[in-house]
There are 2 protein chains.
Amino acid sequence: MNSEFTVAVHSLVYLASRPDRMATSDAIACNVNTHPSRIRKVMSLLRKKGYIATKEGIGGGYQLGCEPEEATLADIYRATSIGSIKPSWCSGNEQGECMIACRMAAVMDDIFSDTEHKMLQHLESMTIRDVLVRIWTTEKQP
Amino acid sequence: MNSEFTVAVHSLVYLASRPDRMATSDAIACNVNTHPSRIRKVMSLLRKKGYIATKEGIGGGYQLGCEPEEATLADIYRATSIGSIKPSWCSGNEQGECMIACRMAAVMDDIFSDTEHKMLQHLESMTIRDVLVRIWTTEKQP
DNA sequence: TCGTACTGTGATTATAATGGTTACAGTTGT
DNA sequence: ACAACTGTAACCATTATAATCACAGTACGA
């Protein structure tokens, strides 16, 4: 899982928590604890999938483009991190003679793909609203 | 998922494919396509969990310490990659005033932990033997 | 018992991935 | 026109990853 997912979920939860469901990249970045430019990049991904509406120019910023109880973590994962379960390094050698060396990468690909699918099924069960509720009900660590 | 998992699975499948279920780190490294030293490090993790027996000295090497149909990918994941689903970067600020900034990291930790658990349930259903069979039955890409 | 072929592990280096930062063009309300 | 925003690309710093090196320890066999 890459950290764009974390940034995306945090940003959406933050927006969902605001009365007008709006904020600038500066305000979000400050809450997420990263750079506004990074927020804008992630928001750009979310906008393409309709989870965010943007308003440029003065008084602009980002607004939630969906209901918090409708956006699932699976949606967010698909928008920001699809494929990230698979490590970039691959074993074996496609051109070799040995069947194992030659086919392992493809078999592992399938396994990662199946595993990601299972993971998505799980993420499907959690929404942005659920995350917000978890925050409200989690005891602050002493 | 980190690539130690890939190395571990590949190595075990390779061993399982050999008549005597033995090989040196050099032979495994050559098949996996990495450095023998890396293989030895991963084998070290697997040995601690009993999936591998090692024999030092001349004529030594690694031998499968389990039945291929008993070692699940979940076992291998636990031995090599536990926790790797969680990105190293965390959002928010634990010391802050804002509930969201303050608690998001902990909530995301829980989510990652639950998700990893689901992933393990899935990996539980596949064994080293299954991976070997997949390799034997997968058509080589043209 | 010495030499060779192994493993075990720490240290170092090279490379790739990640996150932070800057820069600047485009947009919009005042 | 200008100030306050977003959109994106480019670049730099840091971190993570994989490769490599180094060398001590072990075991077999001549």
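Just so it is clear, the model here is predicted, and its values are computed rather than measured. Just so it is clear: chains get the letters A, B, ... in the order the sequence lines come, proteins before strands, and each one is counted from 1.
In this structure, B:Phe5 and A:Phe112 have tilted ring planes: the angle between them lies in the 30° to 60° band.
In this model, a donor atom of one side chain and an acceptor atom of the other lie less than 3.5 Å apart for B:Ser44 and B:Arg47. For the residue pair A:Thr127 and A:Asp130, a side-chain donor N or O sits within less than 3.5 Å of a side-chain acceptor on the partner.
Neither OP1 nor OP2 of C:dT9 sits under 4.0 Å from any side-chain N or O of B:Arg38. Listed pair A:Ser25 / D:dT6 meets the phosphate criterion, a side-chain N or O lying under 4.0 Å from OP1 or OP2. Listed pair A:Ser3 / C:dT18 fails the phosphate criterion, with no side-chain N or O lying under 4.0 Å from OP1 or OP2.
With respect to A:Arg21 and A:Glu67, a salt bridge is recorded, a charged nitrogen being found less than 4.0 Å from a carboxylate O. A salt bridge links B:Asp114 to A:Arg134: at least one charged side-chain nitrogen sits closer than 4.0 Å to a carboxylate oxygen.
When each of B:Thr24 and B:Trp89 is assigned the nucleotide of DNA chain C with its nearest heavy atom, B:Thr24 is the one assigned upstream, toward the 5' end. Mapped onto DNA chain C by nearest heavy atom, A:His35 and B:Ala23 fall at different nucleotides, with B:Ala23 at the one closer to the 5' end. Mapping B:Ser88 and B:Asn33 onto DNA chain D via the closest heavy atom, the residue that lands nearer the 5' end is B:Ser88.
In this structure, the CE atom of B:Met1 is 18 Å from the P atom of C:dA17, given to the nearest Å. What separates CZ of B:Arg40 from P of C:dA5 is a distance of 15 Å, to the nearest Å. Regarding B:Asp26, its CG atom lies at a distance of 7 Å from the P atom of C:dT7, rounded to whole Å. Here the P atom of nucleotide D:dA18 and the CZ atom of B:Phe5 are 14 Å apart, to the nearest Å. Rounded to whole angstrom, the span from the CG atom of B:Asn2 across to the C1' atom of C:dA17 amounts to 14 Å. What separates CG of B:Leu45 from P of C:dG8 is a distance of 11 Å, to the nearest Å. The CD-C1' distance, from B:Glu4 to D:dA16, rounds to 12 Å in whole Å. In this structure, B:Arg47 atom CZ and C:dC6 atom C1' are separated by 14 Å, rounded to whole Å.
Between the side chain of A:Glu4 and the main chain of A:Ser81, no donor-acceptor pair closer than 3.5 Å is present.
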### Message
Run A:Asp75 and A:Thr72 through side-chain hydrogen bond (donor to acceptor under 3.5 Å, both in side chains) and show every step you take.
### Response
CA-CA 5 Å; A:Asp75 295 329; A:Thr72 70; 3.2 Å; yes
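A donor and an acceptor atom sit less than 3.5 Å apart, one in the side chain of B:Ser37 and one in the base of D:dC21.
Of the candidates C:dG8, D:dT8, D:dA18, the closest approach to any side-chain atom of A:Lys41 belongs to D:dT8.
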Which pairs, protein N/O on one side and nucleotides 27-30 of chain C N/O on the other, fall under 3.5 Å?
| unit_1 | atom_1 | unit_2 | atom_2 | d |
| --- | --- | --- | --- | --- |
| C:dT27 | O4' | A:Glu56 | OE1 | 2.7 |
| C:dT27 | O2 | A:Gly57 | N | 3.2 |
| C:dT28 | O2 | A:Ile58 | N | 3.3 |

